[in-house]
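Treat the numbers as computed from the prediction; the structure is a model and nothing was measured. Worth knowing before you read on, the calculation uses all heavy atoms, side chains too, and leaves out hydrogens, waters and symmetry mates.
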Amino acid sequence: MQLYETLSGRTVIIGQLPTNRISFRSATPLNRIEALQMLDTVLAQAHIAMVLSGDKMVKAVPADKAWSESPSEITLPWRQLPESSSIMSRTVHLDHLQPSHTLPILAVYANLPNGILPLDQHQTLLLRDYSSNVRQQLKLLEELDTQGQNMSVEPGAAPKRRPAPQPSDPMSHSGGGR
């Protein structure tokens, strides 16, 4: 935890944690950010989650309790999210898909309990999980929601293509999507 404090420049608040001794080394040189991401991943393997708390602190909590914390919202595009076990949250606004219908598909990439919260009335999903999982969820959502006018996702089913509306179809001008 001292190394984490030094690298992050944040005070580490330590909760009730497993008493495992953790050791690791990198096969390649790492910059400060990469070293923190590696530490997040190594600690997650030991069932410890590091949750940012404001600008000056980070909480070390048991991974199974991380869902009850309020992780920082990271708004980077999915391609820029680290492939690490850094805890994060993300609010996603969908244009074409009903959020609750995406739940069974996104759950494949979920690790933390209650990490996906659909808010159908607002066309919104709240995602809380490890960065690598949220990255995969966002990538999939981008593809499905972009194709959403021509896709149908039913609860518990794989996405199915819908035929595109024909120009003579009066429903094709209804605005759809919500």
Legend entry - Whether over 12 other heavy atoms sit under 6.0 Å from Gln121 CD: yes
Legend entry - Greater than 12 external heavy atoms within 6.0 Å of Gln2's CD: no
Hydrophobic cluster identity match, [X] and [Y], side-chain contacts under 4.5 Å:
X: Phe24; Y: Tyr130; value: no
X: Ile14; Y: Met50; value: yes
X: Leu138; Y: Leu112; value: no
X: Val58; Y: Ile13; value: no
X: Val134; Y: Leu117; value: no

Of all the heavy-atom pairs spanning [X] and [Y], show the shortest one and how long it is.
X: Gln98; Y: Asp120; result: NE2-OD2, 3.0 Å
X: Ile116; Y: Ala110; result: CD1-CB, 4.0 Å
X: Ala49; Y: Ile87; result: CB-CG1, 3.8 Å
X: Asn114; Y: Arg128; result: O-NH2, 4.2 Å

Determine whether a donor-acceptor pair (N or O, by modelled atom type, separation under 3.5 Å) exists between the side chain of [X] and the backbone of [Y].
X: Arg90; Y: Ile74; value: yes
X: Glu69; Y: Val61; value: no
X: Asp129; Y: Asn111; value: yes

Legend entry - Chi angles and distances behind the side chain to side chain contact (heavy atoms under 4.5 Å, CB included) call for Leu141, Leu94: CA-CA 8 Å; Leu141 280 172; Leu94 300 174; 4.0 Å; yes
Nearest 0.5 Å, what's the [atom1]-[atom2] distance between [X] and [Y]?
X: Gln137; Y: Leu144; atom1: CD; atom2: CG; answer: 12.0 Å
X: Leu81; Y: Leu76; atom1: CG; atom2: CG; answer: 5.5 Å
X: Leu52; Y: Lys59; atom1: CG; atom2: NZ; answer: 11.0 Å
X: Leu119; Y: His93; atom1: CG; atom2: NE2; answer: 9.5 Å
X: Lys139; Y: Trp78; atom1: NZ; atom2: CH2; answer: 4.5 Å
X: Leu125; Y: Leu106; atom1: CG; atom2: CG; answer: 6.0 Å

With a cut-off of 3.5 Å and sequence neighbours excluded, list every side-chain donor-acceptor pair involving residues 33-48.
| from | atom 1 | to | atom 2 | distance (Å) |
| --- | --- | --- | --- | --- |
| Glu34 | OE1 | Asn31 | N | 2.9 |
| Asp40 | OD1 | Tyr4 | OH | 2.6 |
| Asp40 | OD2 | Ser86 | OG | 2.6 |
| Thr41 | OG1 | Gln37 | O | 3.1 |
| Thr41 | OG1 | Ser85 | N | 3.0 |

Legend entry - Between Glu83 and Ser131: side-chain donor-acceptor atoms closer than 3.5 Å: no
Legend entry - Electrostatic pair Arg10-Glu5, nearest N-O below 4.0 angstrom: no
Legend entry - CA sep, side-chain torsions, deciding dist, call: Thr91, Thr124, side chain to side chain contact (heavy atoms under 4.5 Å, CB included): CA-CA 7 Å; Thr91 303; Thr124 300; 3.6 Å; yes
